[in-house]
Enquirer: 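Got a structure here, written out as structure tokens. Questions coming.
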Amino acid sequence: MSYFNRRGIFLQKLGPTVVDPNEVLVSMQFALKEPGQDEGDKLLDSSIYIASSYDGGKTFSISKAKDVDGDGDIDNEDKARMLALAKAYASIVNP
């Protein structure tokens, strides 16, 4: 997150594992920071969601979603956007 933007998304790709070479997990942390005066910035409203794939990253599923489009409800559009983000991130070979 930068000085001008208080919102951020941190992504981490986990897998494949030795146990299941087709398993890919993408951890998505949505965070909001509050600029601090003395101690530095503080993270507010940090939430982590895990998208999972068991076919090598071709398709993903997620158990719960976040209101990412800002319309006030959590629906299939929010879930679709989060799944698209996970799939796009998993397809990057060298992040």
Enquirer: Verify the cluster assignment for Leu25 and Leu11: are they in a single hydrophobic cluster under the rule of side-chain heavy atoms below 4.5 Å apart?
Expert: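 Not linked; separate clusters.
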
Enquirer: Identify the heavy atoms of Pro16 and Pro21 that sit nearest to each other, and give their distance.
Expert: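 Smallest interatomic distance, heavy atoms only, reads CB-O, 3.0 Å.
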
Enquirer: Which atom names give the shortest non-hydrogen contact between Asp73 and Asp67, and what distance separates them?
Expert: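 In this case the closest contact between Asp73 and Asp67 is O-OD1, 3.2 Å.
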
Enquirer: Is there a path from Ile62 to Tyr54 through hydrophobic residues (I, L, V, M, F, W, Y) whose side chains come within less than 4.5 Å of each other?
Expert: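 Ile62 and Tyr54: separate clusters.
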
Enquirer: Same cluster or not: are Phe10 and Leu14 linked, directly or through other Ile, Leu, Val, Met, Phe, Trp or Tyr residues, by side-chain heavy atoms under 4.5 angstrom apart?
Expert: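 No; Leu14 is not reachable from Phe10 via cluster members.
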
Enquirer: I need the minimum non-hydrogen distance between Phe60 and Ala90, along with the two atoms involved.
Expert: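 Smallest interatomic distance, heavy atoms only, reads CZ-CB, 3.6 Å.
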
Enquirer: With side chains defined as the heavy atoms from C-beta onward, is the minimum distance between Leu85 and Val68 less than 4.5 Å?
Expert: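 Answer no - side chains too far apart.
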
Enquirer: When you compare the side chain of Glu23 with that of Ser52, does any pair of heavy atoms fall below 4.5 Å?
Expert: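 No, every pair of side-chain atoms sits at 4.5 Å or beyond.
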
Enquirer: Mind running side-chain contact (heavy atoms from CB on, under 4.5 Å) on Asn22 and Asp55 for me, showing each step along the way?
Expert: CA-CA 5 Å; Asn22 289 323; Asp55 59 4; 5.7 Å; no

Enquirer: Are any side-chain N or O atoms of Asp69 and backbone N or O atoms of Asp78, one a donor and one an acceptor, separated by less than 3.5 Å?
Expert: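 No; judged by distance alone, with no hydrogens or angles, the pair does not exist.
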
Enquirer: Val26, Met82: one ILVMFWY side-chain cluster at the under-4.5 Å cut-off?
Expert: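 Same cluster: Val26 reaches Met82 through Ile, Leu, Val, Met, Phe, Trp or Tyr contacts under 4.5 Å.
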
Enquirer: To the nearest 0.5 Å, tell me how far Ser63 OG sits from Lys79 NZ.
Expert: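 It comes to 8.0 Å.
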
Enquirer: Could you pull out the closest heavy-atom pair between Lys87 and Gly57, with the gap in Å?
Expert: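 So the minimum-distance heavy-atom pair works out to CG-O, 3.9 Å.
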
Enquirer: What are the two closest heavy atoms between Ser27 and Ile48, and how far apart are they?
Expert: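 Closest approach of Ser27 to Ile48, heavy atoms only: OG-CG2, 3.7 Å.
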
Enquirer: Could you grab the distance from atom CZ of Arg81 to atom CG of Asn76, nearest 0.5 Å is fine?
Expert: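 The CZ atom of Arg81 sits 12.5 Å away from the CG atom of Asn76.
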
Enquirer: Give the minimum heavy-atom separation between Lys13 and Val24, together with the two atoms involved.
Expert: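 Scanning both residues, the minimum pair turns out to be CE-CG1, 4.0 Å.
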
